Amino acid sequence: MAARARRILILGGTAEGRALASLLSAVPGVTAISSLAGRTKEPLMPEGETRSGGFGGVAGLAAYLREKAVDLVADATHPFAARISTNAATACAQTGVPYLRLERPAWEQLDGDDWHKVGDSAAAAAALDSGARVLAAVGGGELDPFLARGDIFLVARMIEPPQAPVPANCEIVLARPPFALEEELELMREKSITVLVAKNSGGAGYAKLVAARMLKVPVVMIARPPKPAAPMAATAEGMRNLILASR
Ligand code: NAP
């Protein structure tokens with residue numbers, strides 16, 4: 001009798017998650033299911049089986065792992081998606097399912113960078129000078145502390161328009177990443193940006209930091225939230241190898 005396919009749950013929502021799904025789809029005897037949070041109306045879909053929407057906390061995820069007979073969870077969520085990672089590590093510990101994490105390396109400050117490191121969005125908003133023209137490279141759900149600063153002008157880039165109207169001191173630029181260096185330079189020049197607020201996501205969004213360095217625009221850099229300890233890989237290929245070695 002043929003052995004049952006090994007079932008891998010990929011927690012995705014990132015380019016690395018999609019790359020891992022493609023790599024695993026080429027491995028015989030492996031079935032990968034990619035899970036998306038379901039926030040983006042038209043997400044880029046990974047190859048293979050997918051599901052969408054929250055699991056319902058730790059209990060919901062633990063039930064899902066049992067019901068779907070998941071053999072391993074590969075957490076490829078964004079470095080700033082802390083809740084799902086904590087939930088996944090806990091649900092895996094409860095169900096005895098191995099939990100591995102794919103995490104792209106954080107960006108490092110280089111010569112010529114003027115970075116002001118802060119712990120979260122609220123601290124980033126508090127660090128801005130009155131009168132600043134801010135490019136806020138944060139998610140649409142994280143704008144509130146910046147919108148609360150009536151003494152700054154905010155340019156916020158989003159994939160989809162915000163649900164609620166934004167105040168007059170905020171301009172929404174609709175665009176889907178990744179952005180080339182030329183696009184970043186043009187946006188910062190065109191909007192007369194005096195400060196960039198960025199999350200230390202790592203990966204393909206680095207062009208905005210190069211643009212800031214070139215234009216001598218200071219950066220308020222939000223540090224990553226802590227994530228649970230786990231066997232880690234930094235790339236999709238590394239994670240595929242870790243998964244295959246963990247048999
Ligand atoms: P979060 O705060 O860590 O998670 C909040 C809740 O959303 C989780 O408790 C879970 O709901 C649900 N969820 C999150 N990721 C999920 C997934 N891959 N599959 C199923 N449910 C998921 O996450 P977030 O920061 O809002 O990010 C949401 C998604 O967007 C993630 O998949 C992440 O990879 C992606 N993303 C996030 C960022 C960012 O800056 N945060 C940037 C780019 C992409 P339940 O408790 O109901 O299970």
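Whatever order the structure lists ligands and atoms in, that order sets their numbers, starting from 1. Since we're looking at a predicted model, the values are computed, not measured.
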Student: If you measure every N/O of Leu11 against every N/O of ligand 1, is any gap under 3.5 Å?
Tutor: no

Student: Does the residue Gly56 have a heavy-atom contact with ligand 1, meaning some pair of atoms that are separated by less than 4.0 Å?
Tutor: yes

Student: Any side-chain donor-acceptor pair under 3.5 Å between Ser246 and Arg6?
Tutor: yes

Student: Is there a polar contact between ligand 1 and Arg39, counting only N or O atoms under 3.5 Å apart?
Tutor: yes

Student: Evaluate the 4.0 Å heavy atom contact test for atom 30 (O) of ligand 1: does a protein atom fall under the cut-off?
Tutor: no

Student: Quick test of your reading of the model: are Glu16 and Arg104 salt-bridged, counting only N-O distances below 4.0 Å?
Tutor: yes

Student: Rounded to the nearest 0.5 Å, what separates atom CG in Leu102 from atom CE in Met239?
Tutor: 5.0 Å

Student: Just by modelled atom types, is the Gly112 backbone N or O under 3.5 Å from a matching donor or acceptor in the Arg213 side chain?
Tutor: no

Student: When you measure from atom 40 (O) of ligand 1 to each heavy atom in Lys199, Arg51, Lys227, Arg83, which option holds the nearest one?
Tutor: Lys199

Student: Below 4.0 angstrom from a heavy atom of Gly12, which ligand 1 atoms are there? Numbered from 1 as shown, please.
Tutor: 18 (N), 31 (C), 32 (O), 33 (C), 34 (O)

Student: Work out whether the distance between some heavy atom of Gly53 and some atom of ligand 1 is less than 4.0 Å.
Tutor: yes

Student: If we ignore angles and hydrogens, is there a donor and acceptor under 3.5 Å between the side chains of Arg51 and Ser35?
Tutor: yes

Student: Please state which protein non-hydrogen atom is closest to atom 10 (C) of ligand 1 and give its distance, to 0.1 Å?
Tutor: Ile84 CD1, 3.9 Å

Student: Counting each atom of ligand 1 from 1 as listed, which ones have a heavy atom of Gly54 under 4.0 Å away?
Tutor: 11 (O), 21 (N), 45 (P), 47 (O), 48 (O)

Student: Just to confirm my output: which protein heavy-atom neighbour is closest to atom 23 (O) of ligand 1, and how far is it?
Tutor: Ala81 CB, 3.4 Å

Student: Checking a contact table here: which protein heavy atom is nearest atom 48 (O) of ligand 1, and how many Å away?
Tutor: Phe55 N, 2.7 Å

Student: Measure the shortest side-chain to side-chain distance between Leu128 and Val220 over non-hydrogen atoms and say whether it is less than 4.5 angstrom.
Tutor: yes

Student: May I have the step-by-step check of side-chain contact (heavy atoms from CB on, under 4.5 Å) for Met221 and Asp113, ending in yes or no?
Tutor: CA-CA 11 Å; Met221 181 62 81; Asp113 287 333; over 6 Å; no

Student: If you define the side chain from C-beta out and look only at heavy atoms, does anything of Leu9 sit under 4.5 Å from Lys68?
Tutor: no

Student: Can you sort out which atoms of ligand 1 are near Asn87, meaning under 4.0 Å from one of its heavy atoms?
Tutor: 9 (O), 46 (O)

Student: Salt bridge or not between Glu171 and Arg133? Use side-chain N to carboxylate O under 4.0 Å.
Tutor: no

Student: Of the backbone atoms (N, CA, C, O) and the side-chain heavy atoms from C-beta on, which set of Ala82 has a member under 4.0 Å from an atom of ligand 1: side chain, backbone, both, or neither?
Tutor: backbone

Student: Identify the closest protein heavy atom to atom 35 (C) of ligand 1: which residue and atom is it, and at what distance?
Tutor: Gly13 O, 3.7 Å

Student: Quick one: which of Arg101, Lys227, Glu103 gives a side-chain contact (heavy atoms from CB on, under 4.5 Å) with Thr77?
Tutor: Lys227

Student: Where is the nearest protein heavy atom to atom 38 (C) of ligand 1: which residue, which atom, and how far?
Tutor: His78 CG, 3.3 Å

Student: Mind checking whether Leu11 and Ser85 have side chains closer than 4.5 Å, heavy atoms only?
Tutor: no

Student: Below 4.0 angstrom from a heavy atom of Ser35, which ligand 1 atoms are there? Numbered from 1 as shown, please.
Tutor: 17 (C), 18 (N), 19 (N), 20 (C)

Student: For atom 15 (N) of ligand 1, which of Gly141, Ala76, Ala37, Ser201 has the closest heavy atom?
Tutor: Ala37

Student: Counting heavy atoms only, which of Gly57, Ala91, Pro225 is nearest atom 45 (P) of ligand 1?
Tutor: Gly57

